[in-house]
J.: 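Below are the structure tokens for one structure; questions will follow.
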Amino acid sequence: MKKSFITSLRSVGMAALSYALVAGSPLAAMAKPLTVGFAQVGAESAWRTAETESIKAEGTKRKVNLKFSDAQGKQENQIKAVKSFIAQGVDAIIIAPVVETGWEPVLREAKRAKIPVVLVDRGIKVSDDSLYSTLIASDFVSEGKMAAEWLAKKVNEKASIVELQGTPGAAPAIDRKKGFEAGISKYPAMKIIASQSGDFRRSGGKEVMEALLKKYGNEVTAVYAHNDDMALGAIQAIEEAGKKPGTDVVVVSVDGVKGAFEAMVSGKLNCTVECNPLLGPMAFDAVEQAIKGEKLPKKTVVQDKAYDQSTAKDVIASRQY
Ligand code: GYE
């Protein structure tokens, strides 16, 4: 009797000691891995796949319990995923928002639940920017301007351009259009003769280009695609129409994925403006800071750069995505 009383006293003491060691100390953070929800757009492009891989790999590296959701390009699915992350009581939420608008109600729910939200790669429009902690993304307007400047030089400031737009309502589609239009506005002989969405997909780029080549034929002298996948689809359509992409029709796009570098090496794509998708490390740095309650900048701009056929061969081997 006496012995068992001492034994149980000892075990209570041990439990209390280990609790004191773990709870409220740095050990507590080590013992409990973070649970983070990631509401991804989908898998529409090589860029998107690279971003998903970067975030998953960084999550694994930091031993984060990552809940991944693929919204298949639909905002309603993303909103559902965010609501479910909130219901599960995750520590933080990362969102790559499909479109710019329509986020306030669900972000208000996250804020009420005190769950920080980190936005990656696409921005949103909200009246209260305390609804998210930070945005990590490229400057899409400047990407559009870079594409326009490069094209103007290439074509001696004269071109009849087909523009392949990204997903309607998505920040990169809106801003790459804005930036490109601003960029060509100083060259009166550079005109966009048709502009349609290919939804950031290769199949979309091909279909739209096929239809526009039927309609405009030889009038088309250049293509500006809001991403590489659509440019690669357009290149296929140009070839099937019996023309030489890269020569008969100059092709410029954005992203800088491996496929674009291969197409530049083979002379079919002329230029791509890099948009870095490897956002995992920055995203989780932001998540950790936001959880600690640190103040973050509202936007961190990822730097971009244009690549063309003149350097494609030298840099292709070192491309990470
Ligand atoms: O350029 C495109 C993609 O949001 C920046 O989305 C991203 C864009 C990227 O599907 O390829």
Side-chain angles (χ1 to χ4, degrees), residues 22-23 26-124 126 129-137 167 170-172 200 276-294 296 299-300 302 321:
V22 173
L27 277 175
M30 274 164 65
K32 193 178 159 276
L34 290 179
T35 297
V36 177
F38 175 32
Q40 176 59 296
V41 171
E44 73 283 359
S45 64
W47 190 98
R48 181 72 45 206
T49 310
E51 184 193 49
T52 297
E53 277 166 15
S54 171
I55 289 182
K56 282 187 174 171
E58 190 64 23
T60 306
K61 196 169 149 196
R62 299 191 192 203
K63 302 198 166 46
V64 168
N65 172 21
L66 186 69
K67 296 183 179 295
F68 177 77
S69 158
D70 175 332
Q72 314 217 320
K74 293 201 176 78
Q75 183 183 33
E76 55 189 274
N77 292 344
Q78 278 198 307
I79 291 175
K80 266 188 216 146
V82 173
K83 281 178 185 275
S84 131
F85 295 150
I86 297 169
Q88 293 171 62
V90 298
D91 297 302
I93 298 172
I94 302 174
I95 310 176
V98 181
V99 289
E100 282 188 336
T101 55
W103 290 102
E104 297 221 359
V106 77
L107 291 184
R108 243 179 264 127
E109 284 179 39
K111 192 177 175 186
R112 240 177 277 131
K114 299 195 168 49
I115 300 175
V117 171
V118 169
L119 302 178
V120 288
D121 98 67
R122 292 183 182 178
I124 59 172
V126 281
D129 73 4
S130 77
L131 290 175
Y132 62 93
S133 303
T134 190
L135 162 68
I136 301 160
T167 304
F200 281 132
N276 194 342
L278 308 178
L279 303 177
M282 287 174 88
F284 282 104
D285 281 352
V287 160
E288 287 171 9
Q289 286 167 292
I291 289 172
K292 280 188 223 149
E294 288 172 22
L296 290 159
K299 183 171 181 185
T300 301
V302 182
Y321 60 95

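Residue numbers count from 1 along this sequence. These values consider heavy atoms only, across backbone and side chains, with no hydrogens, waters or symmetry-generated copies. Treat the numbers as computed from the prediction; the structure is a model and nothing was measured.
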J.: Decide yes or no for Val287 and Val64: does some side-chain heavy atom of the first lie under 4.5 Å from some side-chain heavy atom of the second?
T.: no

J.: In chain order, what residues pass the side-chain contact (heavy atoms from CB on, under 4.5 Å) check against Thr35, with sequence neighbours excluded?
T.: Asn65, Lys67, Val90, Asp91

J.: Under the ring-ring contact (aromatic ring centres under 6.0 Å, His included) definition, can you give me all pairs with a residue in residues 41-64, not counting sequence neighbours?
T.: none

J.: Side chains of Lys80 and Asn77, heavy atoms from C-beta outward: is any pair under 4.5 Å?
T.: yes

J.: With rounding to the nearest 0.5 Å, note down the distance linking OG in Ser133 to CD1 in Ile115.
T.: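 One gets 11.5 Å once the value is rounded to the nearest 0.5 Å.
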
J.: Specify the closest pair of heavy atoms between Glu100 and Gly123, including all atoms of both residues, with the distance to one decimal.
T.: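 The answer is CG-O, 3.7 Å.
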
J.: Would a 4.5 Å heavy-atom cut-off, applied to side chains only, mark Ile94 and Phe284 as touching?
T.: yes

J.: Which atom names give the shortest non-hydrogen contact between Gln78 and Ala39, and what distance separates them?
T.: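 Heavy atoms only, the tightest pair is NE2-O, 3.0 Å.
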
J.: With heavy-atom distances below 4.5 Å as the criterion, would you say the side chains of Thr52 and Asp70 are in contact?
T.: no

J.: Which heavy-atom pair separates Pro116 from Ile291 by the least distance, and what is that distance?
T.: CG-CG1, 4.1 Å

J.: Working to the nearest 0.5 Å, report the span between CD1 of Ile95 and CH2 of Trp103.
T.: 5.5 Å

J.: Which heavy-atom pair separates Val98 from Gln75 by the least distance, and what is that distance?
T.: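 Looking at all heavy atoms of both residues, the shortest contact is CG2-N, 4.1 Å.
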
J.: Calculate, to the nearest 0.5 Å, the distance between atoms CG and OG1 belonging to Leu135 and Thr300 respectively.
T.: 8.0 Å

J.: Are any of the side-chain heavy atoms of Glu109 and Arg112 separated by less than 4.5 Å?
T.: yes

J.: How many angstroms lie between CG in Asp285 and CD in Glu294, if you round to the nearest 0.5 Å?
T.: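 Those atoms lie 10.0 Å apart.
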
J.: Just by distance, do the side chain of Ser54 and the backbone of Ala50 share a donor-acceptor pair under 3.5 Å?
T.: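 It does not hold such a pair.
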
J.: Work out which heavy atom in Ala286 is nearest to a heavy atom in Leu296; give both atom names and the distance.
T.: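 Reported closest heavy-atom pair: O-CD1, 3.6 Å.
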
J.: Evaluate the side-chain proximity of Phe68 to Ile55: yes if any heavy-atom separation is below 4.5 Å, no if none is.
T.: no

J.: Give the minimum heavy-atom separation between Lys299 and Ala137, together with the two atoms involved.
T.: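 Result for this residue pair: CE-O, 4.0 Å.
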
J.: Between Glu53 and Thr49, do the side chains contain a donor N or O and an acceptor N or O under 3.5 Å apart?
T.: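 Short answer, no.
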
J.: Do the side chains of Phe85 and Val36 get nearer than 4.5 Å, heavy atoms only?
T.: no

J.: Supply the atom-to-atom distance Tyr321 OH to Leu278 CG, rounded to the nearest 0.5 angstrom.
T.: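 One gets 6.5 Å once the value is rounded to the nearest 0.5 Å.
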
J.: Out of curiosity, Ile93 CD1 to Leu107 CG, how far, rounded to the nearest 0.5 Å?
T.: 8.5 Å

J.: Provide the full list of salt bridge (Lys or Arg N to Asp or Glu O under 4.0 Å) pairs with a residue in residues 39-52, sequence neighbours left out, each pair given once.
T.: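 Sorted pair list: Glu44-Arg48, Glu44-Arg122, Arg48-Glu51, Arg48-Asp121.
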
J.: Do Val117 and Leu131 come close enough that some side-chain heavy atom pair is under 4.5 Å?
T.: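 No, their side chains stay 4.5 Å or more apart.
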
